[in-house]
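The structure presented is a predicted model; accordingly, all values stated were derived computationally and were not measured. Chain identifiers are assigned alphabetically (A, B, ...) following the order of the sequence lines, protein sequences preceding nucleic acid strands; residue numbering begins at 1 within each chain. All heavy atoms count here, side chains included; hydrogens, waters and symmetry mates do not.
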Protein chains: 2
Amino acid sequence: MEKQTVLSALAALAQETRLDVFRVLVQAGPQGLAAGAIGAALDIPSATLSFHLKELKSSGLVRCERRGRWRIYSPDFSAVGQLMDFLTANCCQGVDSCDLGSKGDC
Amino acid sequence: MEKQTVLSALAALAQETRLDVFRVLVQAGPQGLAAGAIGAALDIPSATLSFHLKELKSSGLVRCERRGRWRIYSPDFSAVGQLMDFLTANCCQGVDSCDLGSKGDC
DNA sequence: TCGATATCTTTATAATATTGGAAATATGGA
DNA sequence: TCCATATTTCCAATATTATAAAGATATCGA
């Protein structure tokens with residue numbers, strides 16, 4: 001994962017409304033949710049929601065598929081994993097005895 | 001992990017200079033680095049670095065220990081793990097057959 | 001096929017927040 | 001005291017946010 005991609009994903013999630021939106025999508029699972037359903041769940045004006053969905057989409061954390069008059073958004077779970085991998089890459093100068101807390105190894 | 005803590009950690013990492021600083025610390029490992037060493041590694045003015053270290057510290061991603069005239073910064077690896085756990089919590093409405101990409105389960 | 005309605009996005013703008021870095025300030029050690 | 005190390009204060013430049021208003025696009029019924 002590129003550094004700019006990582007920065008973009010982190011920036012996308014580092015905002016309360018977007019973090020809420022992403023978590024609603026995570027809970028909904030791969031089947032996704034229409035924009036309106038997200039807005040209803042979180043009580044967000046449609047223009048505001050659309051702005052944030054665009055950010056999540058362009059960061060690669062969320063996909064969008066058009067279905068009839070709905071746009072269905074769903075999370076890209078693998079992006080979250082890649083994010084973590086980037087953050088802990090090359091840790092501890094390669095020494096394998098270092099303590100990474102809950103991660104266990106490096 | 002509280003939502004505000006998560007937001008704070010994400011915001012701390014969603015900035016190129018701070019992401020660079022954090023990664024340098026991750027690579028250095030638990031023994032940590034003095035502010036000056038970080039600044040030298042990344043060629044950052046001291047005032048700028050100090051500002052960003054303060055952000056990383058207050059987000060809980062980085063610890064600081066005073067040793068003589070130096071301040072030694074080190075990463076909190078477990079915080080990264082907790083971040084991930086938060087992002088994928090309660091995914092897919094508890095259905096265990098959902099595909100979480102590289103994470104494997106939910 | 002035409003307009004009414006539903007769903008969602010784009011544009012524009014004002015309010016707010018973040019960033020980098022010079023200068024001044026603290027703190028520890030010789 | 002004087003130097004080395006690091007932080008704090010300040011400010012202008014830049015970026016982000018929320019939302020109203022207007023603009024797309026899709027469906028449906030007459």
Round to the nearest Å and state the distance from [X] atom [atom1] to [N] atom [atom2].
X       : N      : atom1 : atom2 : value
B:Arg67 : D:dA4  : CZ    : C1'   : 18 Å
B:Ile38 : D:dT5  : CD1   : C1'   : 13 Å
A:Trp70 : C:dT9  : CH2   : C1'   : 17 Å
A:Leu33 : C:dC8  : CG    : P     : 11 Å
B:Leu42 : D:dA6  : CG    : C1'   : 16 Å
B:Ile72 : C:dG28 : CD1   : C1'   : 14 Å
B:Glu16 : C:dT19 : CD    : P     : 12 Å
A:Arg69 : C:dT5  : CZ    : P     : 12 Å

- Note on the structure: Considering only heavy side-chain atoms of A:Ala35, the closest of D:dA6, D:dT25, C:dT9 is C:dT9

Measuring only between side-chain heavy atoms, which start at C-beta, is [X] closer than 4.5 Å to [Y]?
X       : Y       : answer
A:Phe86 : A:Met84 : no
A:Lys57 : A:Arg63 : no
A:Ile44 : A:Asp20 : no
A:Asp76 : A:Leu61 : no
B:Cys92 : A:Phe77 : yes

- Is the number of heavy atoms from other residues, nucleotides or ligands within 6.0 Å of CD (B:Glu65) greater than 12? yes

To the closest 0.5 Å, what do you measure between [atom1] ([X]) and [atom2] ([Y])?
X       : Y       : atom1 : atom2 : answer
A:Asp43 : A:Thr48 : CG    : OG1   : 10.5 Å
A:Ile38 : A:Ser50 : CD1   : OG    : 10.0 Å
B:Leu25 : B:Arg18 : CG    : CZ    : 13.5 Å
B:Gln4  : A:Leu19 : CD    : CG    : 9.0 Å

- Task: Could you tell me, to 10°, how much the axis swings from one end of the helix from C:dT1-D:dA30 to C:dA30-D:dT1 to the other, five pairs per end?
- Result: 20°

- Query: Given that A:Arg71 and A:Ser46 both sit by DNA chain D, which one's nearest nucleotide is further toward the 5' end?
  - Reply: A:Ser46

Using nucleotides 14-16 of chain C, report all nitrogen or oxygen pairs with the protein that are shorter than 3.5 Å.
none

- For A:Val24 against A:Leu33, the heavy-atom pair lying closest together: CG1-CD1, 3.5 Å

- Give the B/S/- string for nucleotides 9-20 of chain D, one per nucleotide from 5' to 3', where a protein heavy atom under 4.0 Å of the base yields B, of only the sugar-phosphate yields S, and otherwise -. --------BSBB

